[in-house]
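Down below is the structure, laid out as structure tokens.
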Number of protein chains: 2
Amino acid sequence: MKEQGAKERIISTACDLFYKQGYQATGINQIIEEAGIAKASLYQHFPSKEALLNEYLLITRLNNYEHLLQFTAKMHPGKQKLMGLFECRLERMETSNFKGCAFIRIAYELPGLNQEATAQVHAHTQGLKTFIEEQLLVIKHSFPKGELREMTDMLLNLYEGAGLQGYIQRSVKPMEDTKKVVRKLIATL
Amino acid sequence: MKEQGAKERIISTACDLFYKQGYQATGINQIIEEAGIAKASLYQHFPSKEALLNEYLLITRLNNYEHLLQFTAKMHPGKQKLMGLFECRLERMETSNFKGCAFIRIAYELPGLNQEATAQVHAHTQGLKTFIEEQLLVIKHSFPKGELREMTDMLLNLYEGAGLQGYIQRSVKPMEDTKKVVRKLIATL
DNA sequence: GTCTATACAGTGATAGAC
DNA sequence: GTCTATCACTGTATAGAC
């Protein structure tokens with residue numbers, strides 16, 4: 001990891017710790033220690049801890065989205081890719097130790113979120129909605145607009161709700177069950 | 001508020017602040033200031049801030065549950081009470097400034113939650129499940145066991161997912177939409 | 001650019017007077 | 001039981017030497 005520049009080490013360490021421990025529970029001191037750099041060097045690259053938070057959210061969002069696209073790249077648009085969304089998260093829950101959606105965690109941890117961070121949270125949600133909507137339109141080309149939005153929101157709720165329950169119960173079961181339910185739901189379309 | 005004992009003032013202030021601002025963001029100093037008592041008095045009644053957290057979760061859980069029971073007291077068991085669960089939260093979102101489910105917030109804010117606090121979170125979830133299951137059994141007396149659990153979990157996911165989206169978007173719309181979807185879902189039972 | 005050393009506010013928690 | 005005063009510690013952020 002030493003061959004990376006200081007800034008890169010700071011970012012990757014901060015992203016890791018912010019997600020694992022939470023933003024507030026992670027101190028600057030821990031970040032610089034694990035990144036192996038001095039405190040002043042951190043403030044050379046980032047004016048404040050909050051700036052680091054914004055960077056964390058941006059990078060995490062892009063990574064999550066990129067991962068989803070790769071995961072579903074070879075799937076057929078429509079039902080298969082829609083199921084892929086759930087399988088993608090299920091895989092994350094099985095391989096890494098899943099701590100819930102990073103953006104929901106931040107929104108819950110910091111009731112007074114700054115403007116840029118809020119924008120990232122919304123962008124993440126909107127990205128999911130768009131992905132879901134696209135697949136739904138492939139499945140049923142002539143979706144009435146109101147029903148499309150309704151179905152999209154319901155699937156999003158199920159997706160986030162299952163992730164949430166899975167984290168709280170420390171189990172992949174809620175997500176597996178939700179996957180089955182979703183499969184049934186879209187089978188009728 | 002002055003006629004209440006010191007302990008009661010501490011508890012009600014802490015409950016209020018922990019929910020509004022989060023646990024970590026709320027300092028002992030703010031609690032004692034708003035409660036109008038001295039710091040040493042607080043530690044007379046509670047050995048630590050963490051003890052206050054456990055008290056907060058217990059009281060919030062009992063209050064939430066009590067409120068739900070009162071809200072649905074005059075409704076018919078079954079479909080009406082099940083819809084009442086969603087209407088109850090909808091009402092809370094409209095009247096008070098809803099910050100999401102208190103237990104999910106705590107679970108997300110503190111990845112390393114103590115045993116008693118974890119138990120409260122689980123008890124809350126279990127309480128919701130039991131409530132939902134009871135109504136489902138009234139609706140359809142001969143529910144296959146697997147499907148009953150499946151349906152219960154799905155409704156719980158929708159309930160929590162909608163609360164979550166509602167908080168993030170600062171809108172009651174996700175919960176209203178979810179209510180409609182749930183009404184359709186249980187209409188077919 | 002990166003380091004050491006430090007500033008300064010804020011935290012949770014205690015001691016001891018009244 | 002409740003207060004004032006203070007503890008030891010950690011938090012973020014900066015100054016100044018190399």
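Everything quoted here is computed from the prediction, not taken from an experiment. To find a chain, count down the sequence lines: A is the first, B the second, and so on, and within it residues start at 1.
Of all heavy-atom pairs spanning Arg9(A) and Gly36(A), the tightest one is NH2-O, 3.6 Å. The minimum heavy-atom distance linking Leu158(B) with Phe86(B) is given by the pair C-CE2, 4.5 Å. Contact record, Leu185(A) with Thr188(A): O-OG1, 2.8 Å, taken as the closest heavy-atom pair.
Contacts between residues 106-117 of chain A and DNA chain C, defined by a heavy-atom separation below 4.0 Å, involve no residue at all.
Because its NZ or CZ atom is not both nearer than 6.0 Å to the ring centre of Phe98(A) and within 45° of the ring axis, Arg89(A) does not count as a cation-pi partner of that residue. Cation-pi contact between Arg170(B) and Tyr167(B): present, with separation from the ring centre below 6.0 Å and deviation from the ring axis of at most 45°. A cation-pi geometry, defined here as NZ or CZ lying under 6.0 Å from the six-membered ring centre and within 45° of its normal, does not hold between Lys49(A) and Phe18(A). For the pair Arg105(A) and Tyr19(A), the cation sits on the ring face: its NZ or CZ lies under 6.0 Å from the ring centre, inside 45° of the axis.
Counting only residues at least two apart or on different chains, no salt bridge (charged side-chain N to carboxylate O under 4.0 Å, His left out) pair has a member in residues 66-79 of chain B.
The distance from atom CD of Glu33(B) to atom C1' of dC3(D) is 16 Å, rounded to the nearest whole Å. Here the C1' atom of nucleotide dG1(C) and the CZ atom of Phe46(A) are 15 Å apart, to the nearest Å. When rounded to the nearest whole Å, the span between CG of Leu42(B) and P of dG1(D) equals 15 Å. Atoms CD (Gln44(A)) and P (dT4(C)) sit 15 Å apart, rounded to a whole Å. Spacing between atom CG of Leu53(B) and atom C1' of dT11(C) amounts to 17 Å, rounded to whole angstrom units. Computed from coordinates, the Ile32(A) CD1 to dT2(C) P distance equals 14 Å when rounded to whole Å.
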- [ ] Do nucleotides 11-18 of chain D as a string where each nucleotide becomes B, S or -: B if the base has a protein heavy atom under 4.0 Å, S if just the sugar-phosphate does, - if no protein is that close.
- [x] SBBBB---
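Put simply, the side chain of Leu90(B) reaches to within 4.5 Å of the side chain of Glu94(B), judged on heavy atoms.
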Contacts table for residues 140-151 of chain A: side-chain donor-acceptor under 3.5 angstrom, sequence neighbours left out:
from	atom 1	to	atom 2	distance (Å)
Arg149(A)	NH1	Asp153(A)	OD2	3.1
Arg149(A)	NH1	Asp177(B)	OD2	3.3
Glu150(A)	OE1	Lys184(B)	NZ	2.9

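Remark on the helix from dG1(C)-dC18(D) to dC18(C)-dG1(D): inter-end axis angle 10°, axes from five-pair C1' superpositions, rounded to 10°.
At least one side-chain nitrogen or oxygen of Ser41(A) sits closer than 4.0 Å to the OP1 or OP2 atom of dC3(C). In this structure, His45(A) reaches the dT2(C) phosphate: one of its side-chain N or O atoms is under 4.0 Å from OP1 or OP2.
A search for ring pair (Phe, Tyr, Trp, His ring centres under 6.0 Å) contacts involving Phe46(A) returns nothing, not counting sequence neighbours.
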